[in-house]
Amino acid sequence: MRPMPSVATSPELTVPEATTGPRPRVLSGIQPTADSFHFGNYLGATRQWVDLQREYQPFFFIADLHAITVEQDPRVLRERTLRAAAQLVAMGIDPERSSIFVQSQIPAHAQLGWVLQCLTGFGEARRMTQFKDKSAKGGEGAASVGLFTYPILQAADILLYRPHYVPVGEDQRQHLELTRDLAQRFNHRYKMTFRLPEPYILKATAKIGDLQEPTAKMSKSSSAPAGIIELLDDPQVNAKKIRSAVTDSGTDIRFDPDEKPGVSNLLTIYSALSNRSVTDIAEEYAGHGYGDLKRDLSELVVEFVTPFRDRTLELLEDQQHLLDVLEKGRQEASAIAEATLNDVIQRVGFAARAQAR
């Protein structure tokens, strides 16, 4: 009998040990560029956010400024921002313990972003691999300046809150290294202002592969519909995608990402959802065919996504509640962001703002 999956827990996650005193801060964000979260970003990044609420002071934002680095339909972007908020709450982010807010509602993000752009070398920005990857399709000349400076705004997003840890996917590690470099540069040129944040990456499931091209990352921007598990899709549609997933030559079930990337990807997903080790699962299916593994995993996926989907749709029925959650988060985030920005204004040499009488 397979154990029931849990949306709010991830035993393979090792939460960094908190220090005594005030809770250390953690910060991360997600773009509202799809109607639904998918297994790639959920298992690779956002699931760990829930665990960090236990002993940390979390700030989780919906990165709508980053979203417009490529063209967006304004109505759809607004709707997806609320859908992202609903999914964060549905997966276990508690607004009483975490600040959930919308990036564009905190002007300090863009203001600090400009200061950091003026500290960043052009060649340094060109080396960011995500710009190369995202601009490859249409050519660099067609890419927006916003896409080019995206990592610098991301650095501002982080440094505003002076967090101890930044939960990120493996593909964001280079951006966090840039963030630390810019923080050190600012601290050296002006005055000690920014904490150097540490990356926090869930290594066991840092990369979930495309179901149809398992050597490629599952991604909303590059995966075909059959290759991606959307958490808000009909559960039976997702079950069919698992049963149709690409496997490998041979019949043995073992974890070998080089020789058997398809089976290894399915085992990784199974492990993440069942709270069991890949080794144990592979041993259980020794002597079984791929069909048995796919059948059981498809059932597990249905058990997992159904309550998440139901809760998200329930939250979307009460949009005023979601707006209240985001306003609470905005107020909490704004207080910290403005304090940081005031330090930056003073240290860079900008004219001070008059105090309200």
Side-chain angles (χ1 to χ4, degrees), residues 1-7 9-14 34 36-48 133 169-171 173 201-306 308-309:
M1 181 70 180
R2 291 180 283 100
M4 288 290 290
S6 170
V7 171
T9 60
S10 49
E12 67 268 66
L13 172 66
T14 303
S36 172
F37 293 175
H38 60 79
F39 269 12
N41 52 35
Y42 177 75
L43 297 178
T46 56
R47 183 172 67 157
Q48 63 193 294
D133 294 343
E170 184 65 45
D171 61 333
R173 183 187 287 275
I201 297 172
L202 180 59
K203 296 187 181 299
T205 54
K207 181 179 178 181
I208 302 298
D210 184 302
L211 295 178
Q212 294 301 310
E213 297 184 36
T215 57
K217 185 180 73 168
M218 185 180 289
S219 167
K220 61 179 176 286
S221 61
S222 59
S223 293
I228 189 169
I229 296 293
E230 303 274 8
L231 273 69
L232 297 184
D233 271 356
D234 184 301
Q236 294 306 320
V237 170
N238 283 327
K240 184 177 180 180
K241 290 180 182 181
I242 292 291
R243 292 194 297 268
S244 302
V246 167
T247 46
D248 312 286
S249 59
T251 58
D252 56 322
I253 295 176
R254 71 177 192 276
F255 187 76
D256 185 340
D258 294 327
E259 296 296 324
K260 302 181 79 66
V263 169
S264 298
N265 189 41
L266 296 178
L267 289 172
T268 298
I269 295 171
Y270 200 131
S271 173
L273 297 182
S274 67
N275 303 328
R276 298 173 57 195
S277 72
V278 167
T279 301
D280 286 348
I281 297 167
E283 289 177 354
E284 177 183 333
Y285 284 91
H288 290 259
Y290 294 156
D292 294 334
L293 174 64
K294 289 182 176 182
R295 181 194 64 237
D296 291 348
L297 178 55
S298 68
E299 293 175 1
L300 188 62
V301 167
V302 170
E303 291 172 0
F304 181 83
V305 300
T306 299
F308 176 91
R309 181 175 185 268

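Counting begins at 1 with the first residue of the sequence. Everything numeric in this text was worked out from a predicted model, so none of it was measured.
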* Asked: Considering residues at least two apart in sequence or located in another chain, which fulfil the salt bridge (Lys or Arg N to Asp or Glu O under 4.0 Å) criterion with Arg309?
  -> none

* To do: Please work out which of the three classes, parallel, tilted or perpendicular, describes the rings of Tyr270 and Tyr285, given edges at 30° and 60°.
  => perpendicular

* Structure fact -> Here the gap from Arg47 atom CZ to Leu273 atom CG, rounded to the nearest 0.5 Å, amounts to 7.0 Å

* Structure fact -> To the nearest 0.5 Å, atom CZ of Phe39 lies from atom CG of Asp210 at 14.0 Å

* Decide yes or no for Ile253 and Leu267: does some side-chain heavy atom of the first lie under 4.5 Å from some side-chain heavy atom of the second? => yes

* Structure fact -> Value for OG (Ser274) from CD (Glu303), rounded to nearest 0.5 Å, stands at 10.5 Å

* **Closest contact, heavy atoms only, Asp233 versus Lys241** => OD2-NZ, 3.3 Å

* Structure fact -> Heavy atoms of Pro257 and Ser264 approach each other most closely as N-OG, 3.3 Å

* Applying side-chain contact (heavy atoms from CB on, under 4.5 Å), run through Glu213 and Val246 and close with a yes or a no. => CA-CA 7 Å; Glu213 297 184 36; Val246 167; over 6 Å; no

* Structure fact -> Of all heavy-atom pairs linking Gly209 and Asn265, the shortest is N-OD1, 2.7 Å

* Could you list the residues that satisfy salt bridge (Lys or Arg N to Asp or Glu O under 4.0 Å) with Asp234, not counting sequence neighbours? => none

* Asked: Looking only at heavy atoms, which two atoms of Ser223 and Ile228 are closest? And how far apart?
  -> CB-CB, 4.1 Å

* Asked: Can you name the closest pair of heavy atoms from Val305 and Pro235 and give their distance?
  -> CG2-CB, 3.8 Å

* **Leu266 side, atom CG; Lys260 side, atom NZ - distance, nearest 0.5 Å** => 11.0 Å

* Asked: Looking only at heavy atoms, what is the nearest atom pair of Ile208 and Thr268, with distance?
  -> CD1-CG2, 3.9 Å

* Asked: From Asn275 CG over to Asp280 CG, what is the distance, rounded to the nearest 0.5 angstrom?
  -> 12.0 Å

* Should Arg254 and Glu259 count as an ion pair when the cut-off is N to O under 4.0 Å? -> no

* **Main-chain N/O of His38 paired with Asn41 side-chain donor or acceptor, under 3.5 Å** => yes

* To do: Kindly compute the distance separating NE2 (His288) from OG1 (Thr251), expressed to the nearest 0.5 Å.
  => 12.5 Å

* **Qualifying residue for side-chain contact (heavy atoms from CB on, under 4.5 Å) with Glu299, from Val301, Asp296, Leu297** => Asp296

* Hey, do the aromatic rings of Phe304 and Tyr42 have their centres closer than 6.0 Å? -> yes

* Asked: Given side chains that start at C-beta, do those of Ile242 and Leu300 come closer than 4.5 Å, heavy atoms only?
  -> no

* Asked: Are side-chain heavy atoms of Ile281 and Thr279 found at a separation under 4.5 Å?
  -> no

* **Side-chain touch Lys294/Thr247, heavy atoms, less than 4.5 angstrom** => yes

* So do the side chains of Ser298 and Arg243 get within less than 4.5 Å of each other, counting heavy atoms only? -> yes

